[in-house]
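Comments concern the structure below.
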2 protein chains.
Amino acid sequence: MLLGVDRIATILRNAREKKSLSQRDLSAVSGVPQSHISKIEKGAVDLRLSSLVELARTLDLEVTLVPRSAVPAVQSIVRSTAQASDGKQTRLALKDLHRLEQTITRNSSVLPLTPKELAEVQQQLRLLSHFPLSEPDRKTIQSAYKTLQTHLSDHKNLNALRQAFAHLKDLRNRVAHRPSTVSGPQPVRPAYTLDEDDDDA
Amino acid sequence: MLLGVDRIATILRNAREKKSLSQRDLSAVSGVPQSHISKIEKGAVDLRLSSLVELARTLDLEVTLVPRSAVPAVQSIVRSTAQASDGKQTRLALKDLHRLEQTITRNSSVLPLTPKELAEVQQQLRLLSHFPLSEPDRKTIQSAYKTLQTHLSDHKNLNALRQAFAHLKDLRNRVAHRPSTVSGPQPVRPAYTLDEDDDDA
DNA sequence: GGTTATTATCTATAAAAGTAGATCGACACT
DNA sequence: AGTGTCGATCTACTTTTATAGATAATAACC
């Protein structure tokens, strides 16, 4: 297979995984059959340009042709955009974590948790704040916050609350074992700093 | 057809034209049949990724996927790379023109030209120096220079010399009618400045 | 007018993508 | 053990690309 075609397949798979989508998820969103996505990502088909454009669009990517002489500069732009995005998501996730922990601490007396369970949840949130987090990670944190708010307002749905805490534990386990370019937890901004310098364009 | 696929077709055609290649030329270099190149450039086929990679490679382009959020920055890089390349080619072309005119002026007494013809050639060279010129344009100028050198050394091949001057006239006619983003001859660097700040990486 | 070059269009054929599923092995969870 | 999810592989069929030319329309040149 041509050099370049393999790279495209790798970029597609990485982008899908970065969005925490399975092949079946991507199939549902893009309309391309899961079995075909599997072949595409393995480089087992020489896909059509329109199919590439469609999948790329679903993954917030754009197919383009750049002069060979501009490739290093373009790769640098792409890398720094990814890093900026990662940094931004991590900073936003820190805010989400802070909000969640404050709400838990403020309402600890009325939450259906033993002191041991409470300490464990707080420990998990503190640990999470030391890892780079992604947009899908943030969704898990936000979902737990919403479930907590709902519980605090109607004192119902204990199972949902327990499930939300379980998902947080899952998240902590996943990010702790996530492959990383550096060993151990990465230095991120000090936990729980709050600033408003982020724009969502 | 999907937005994006049309753009790719347009980029391919523009890149081919920028290199002064015909569809037959590109076919010979790339191995893709001319009739198929015609369909591709018209957007009449949904070509395979491997075919796109192959054509792009022949045109010194690389197929890549960039995050949608990075597209404006990437387009800016591509534009400035093209401008730098254009500017560089134009500056190098000025040198070629200068060298050619000096050689003609220095040897005007032994060239088989009437005073009127000589003045016309010099006029054409001066006019050319006011236009943005491309790499293929430079090849025409360099070819004329070589033919002139050959003639000066063996005093033969009058037809080739006349043909070389004719090609220069053709070039002058083409660039004078070339579509441009601004009206009239574009301001380029002052004619015949000589500096050695160009690197060919 | 004749010739040449370029791009577009046509025919016929072979190969492969794309589709629609089903199914399998591996893994995780209850 | 049973169940669900994931990615990979399989079957069968339809549609399209890619190829190899040939040819036509247009434009430019002599």
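If you're wondering where the values come from, they're calculated on a predicted model, not measured in any experiment. Below, read A as the first sequence line, B as the second, and so on, with proteins coming before strands; counting in each chain starts at 1.
Checked by distance alone, B:R24 brings a side-chain donor or acceptor within 3.5 Å of a matching partner on the base of C:dT7.
Take the nearest nucleotide of DNA chain D for A:D25 and for B:I40: the residue whose nucleotide is more 5' is A:D25.
The side chain of A:R13 contributes an N or O atom lying less than 4.0 Å from OP1 or OP2 of D:dA8. The phosphate of C:dT19 (OP1 or OP2) has no side-chain N or O of A:S35 nearer than 4.0 angstrom. Phosphate proximity of C:dT7 to B:R16: present, with a side-chain N or O under 4.0 Å from OP1 or OP2. In terms of phosphate contacts, B:H36 brings a side-chain nitrogen or oxygen within less than 4.0 Å of OP1 or OP2 of D:dA18. Within the structure, a side-chain polar atom (N or O) of B:K42 is placed less than 4.0 Å from OP1 or OP2 of C:dT9.
Here A:R162 pairs with A:E117 in a salt bridge; the nearest charged N to carboxylate O distance falls below 4.0 Å. Ion pairing of B:D46 with B:K39 is absent here, as no side-chain N (NZ or NE/NH1/NH2) approaches a carboxylate O to less than 4.0 Å. For the pair B:D25 and B:R16, the salt-bridge criterion is not met [side-chain N within less than 4.0 Å of a carboxylate O]. Salt-bridge check for A:R172 with A:E120: failed, with every basic side-chain N at 4.0 Å or more from each acidic carboxylate O.
Ranking D:dA18, C:dT19, C:dT7 by closeness to the A:K39 side chain, first place goes to C:dT19. Comparing atom distances between the A:Q23 side chain and each of C:dA17, D:dA8, C:dT19 picks out D:dA8 as nearest. Relative to the side chain of A:P33, the nucleotides C:dA17, C:dT19, D:dA8 differ in distance, and C:dT19 lies closest.
A:Q122 and A:T105 form a side-chain donor-acceptor contact under 3.5 Å, judged by distance and modelled atom types alone.
Within 4.0 Å (heavy atoms only), A:E41 reaches no atom of the nucleic acid at all. In this structure, A:S38 reaches the bases: a heavy-atom distance under 4.0 Å links it to at least one base atom across the strands shown. Within the 4.0 angstrom heavy-atom criterion, only backbone atoms of the sugar-phosphate kind lie near B:L47; the bases stay farther away.
The distance from atom CZ of B:R48 to atom C1' of C:dA17 is 6 Å, rounded to the nearest whole Å. Remark: P of C:dA20 and CD1 of A:I37 are 12 Å apart, rounded to the nearest angstrom. Between the NE2 atom of B:H167 and the C1' atom of D:dA28 there is a distance of 13 Å, given to the nearest Å. One can place NZ of B:K169 at 14 Å from C1' of D:dC29, the figure rounded to the nearest angstrom. Between B:E54 atom CD and D:dT17 atom C1' there is a gap of 15 Å when expressed in whole angstrom units. We find that CD of A:Q34 is positioned 14 Å from P of C:dA20, with the value rounded to whole Å. Atom P of nucleotide C:dA17 and atom CG of A:L52 are separated by 14 Å, given to the nearest angstrom.
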